[in-house]
2 protein chains.
Amino acid sequence: MDFGAKQASEAVRIFKAVSHPLRLRIVARLCDGPEHVTALAEALEHPQSIVSQQLRILRMSGLVAASRQAGLQVYRLAEVRLIDLLRCAQGCCPEPPVDNH
Amino acid sequence: MDFGAKQASEAVRIFKAVSHPLRLRIVARLCDGPEHVTALAEALEHPQSIVSQQLRILRMSGLVAASRQAGLQVYRLAEVRLIDLLRCAQGCCPEPPVDNH
DNA sequence: CGCGGATATCGCTACATCGCTATATCCCGA
DNA sequence: TCGGGATATAGCGATGTAGCGATATCCGCG
């Protein structure tokens, strides 16, 4: 498998963004649909300021995007392919045996 | 998609380890088979001390393992699921389709 | 033995990130 | 226009990580 230097840093952008338990869980939640800040903070049981801070990091990394709806700041996934990545990471990739070459 | 706090930190262990261009490229290389330190350092064009340092981190994170063969310290993948993860990251995450204006 | 290549570790400085509190900003409805 | 909920940011001390050169350790071979 070959990662060029440029391709590597691109992938690292993603990996870094989810290299934090709270951020990972935020992203995982957003995979199921948009949510607003306070709801995330409550669901994940973290202070609002921290959640907001991590959302900012995710936003700057391009993983999520925000838009205002009904007075609430709603965040959603900005990179759909994250779903595959997370699913792979989550399932511990139980399907390697399937493809026995 | 649901990541429990425990499951999240487990996944983060992996993500963190590859959240560094050099480490990512090392792991990617090891996906194709074991290699020894100096070969990695030369292939990736980095000083030996740095490669060794990152290998140490990867080793401590449990992503790679080392063994001595013919006088050389040979590193290999320790987590097979990394192959799927990297393949996904490589194929899915890096920049959007090449739309040549 | 002891040399020399291979590998690991150390000491250091610079910079990023963490978690947190307090505070600032935004925006809607009354 | 004002109050207040919703959201973002600033500042802080603590900790972590990067990269580097120098040096220490390991180990097979002659």
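Chain A is the first sequence line, chain B the second, and so forth, proteins listed ahead of strands; every chain is numbered from 1. Computed from a predicted structure; not experimentally measured.
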Atom pairs and distances, donor-acceptor, side-chain atoms in residues 26-36 of chain B, under 3.5 Å, two or more places apart:
from  : atom 1 : to    : atom 2 : distance (Å)
B:R29 : NH1    : B:E35 : OE1    : 2.7
B:R29 : NH1    : B:E35 : OE2    : 3.0
B:D32 : OD1    : A:M1  : N      : 2.4
B:D32 : OD2    : A:M1  : N      : 2.0

Which whole-number value in Å describes the distance from B:Q69 CD to C:dA6 C1'? 15 Å

OG of B:S52 to NE2 of B:H46, rounded to nearest 0.5 Å, is 14.0 Å

Out of D:dA8, C:dT9, D:dA18, which nucleotide sits closest to the side chain of A:R59? D:dA8

Report the distance from atom CG of B:L55 to atom C1' of D:dT17, rounded to the nearest whole Å. 16 Å

Between CD1 of B:I26 and P of C:dT7 the distance, given in whole Å, is 13 Å

Between P of C:dC18 and CG of A:L58, the distance in whole Å: 10 Å

Could you please name the option among C:dA22, D:dA6, C:dT7 that lies closest to any side-chain atom of A:S49? C:dA22

For A:K16 and D:dA18, give me the distance from atom NZ to atom P, rounded to whole Å. 8 Å

Give the residues of residues 33-48 of chain B touching DNA chain D, defined as any heavy atom closer than 4.0 Å, sorted by residue number. none

By side-chain contact (heavy atoms from CB on, under 4.5 Å), which residues pair with A:Q53, not counting sequence neighbours? none

A:A17 and A:L63 have their tightest heavy-atom pair at CB-CD1, 3.6 Å

Choose from C:dG19, C:dT9, D:dT7 the nucleotide whose nearest atom is closest to any side-chain atom of A:S52. D:dT7

Using a cut-off of less than 4.0 Å, is there contact between a side-chain N or O of A:Q73 and OP1 or OP2 of C:dC27? no

B:M60 CE - D:dT17 C1' separation (whole Å): 11 Å

Nearest-nucleotide pick for A:H20, side chain only, options being D:dG19, C:dA8, C:dG19: C:dG19

Do you know which two heavy atoms are closest between A:L24 and B:A11, and how far apart they sit? CD2-CB, 3.7 Å

OP1 or OP2 of C:dA8 less than 4.0 angstrom from a side-chain nitrogen or oxygen of B:Y75, does that happen here? yes

With a 4.5 Å cut-off on side-chain heavy atoms, are B:L58 and B:Y75 touching? no

Options D:dA18, C:dC18, D:dG19, nucleotide nearest the side-chain atoms of B:I57: D:dA18

B:E10: which residues meet the salt bridge (Lys or Arg N to Asp or Glu O under 4.0 Å) condition with it, sequence neighbours left out? B:R13, B:R81

Ignoring the backbone of A:L72, work out which of D:dC20, C:dG19, D:dA6 is nearest its side chain. D:dA6

B:S67 versus B:R76, closest heavy-atom pair with distance: OG-NH1, 3.6 Å

Is any side-chain nitrogen or oxygen of A:R23 closer than 4.0 Å to OP1 or OP2 of C:dC18? yes

Mind checking the CG-CD spacing from B:L85 to B:E79? Nearest 0.5 Å is all I need. 10.0 Å

B:F15: what forms a ring pair (Phe, Tyr, Trp, His ring centres under 6.0 Å) with it, not counting sequence neighbours? A:F15

Grab the N/O contacts between the protein and nucleotides 24-30 of chain D below 3.5 Å, and write none if there aren't any.
none

Rounded distance (Å) that lies between atom P of C:dA22 and atom CD1 of A:I50: 13 Å

Rounded to the Å, how far apart are B:R13 CZ and D:dG16 C1'? 19 Å

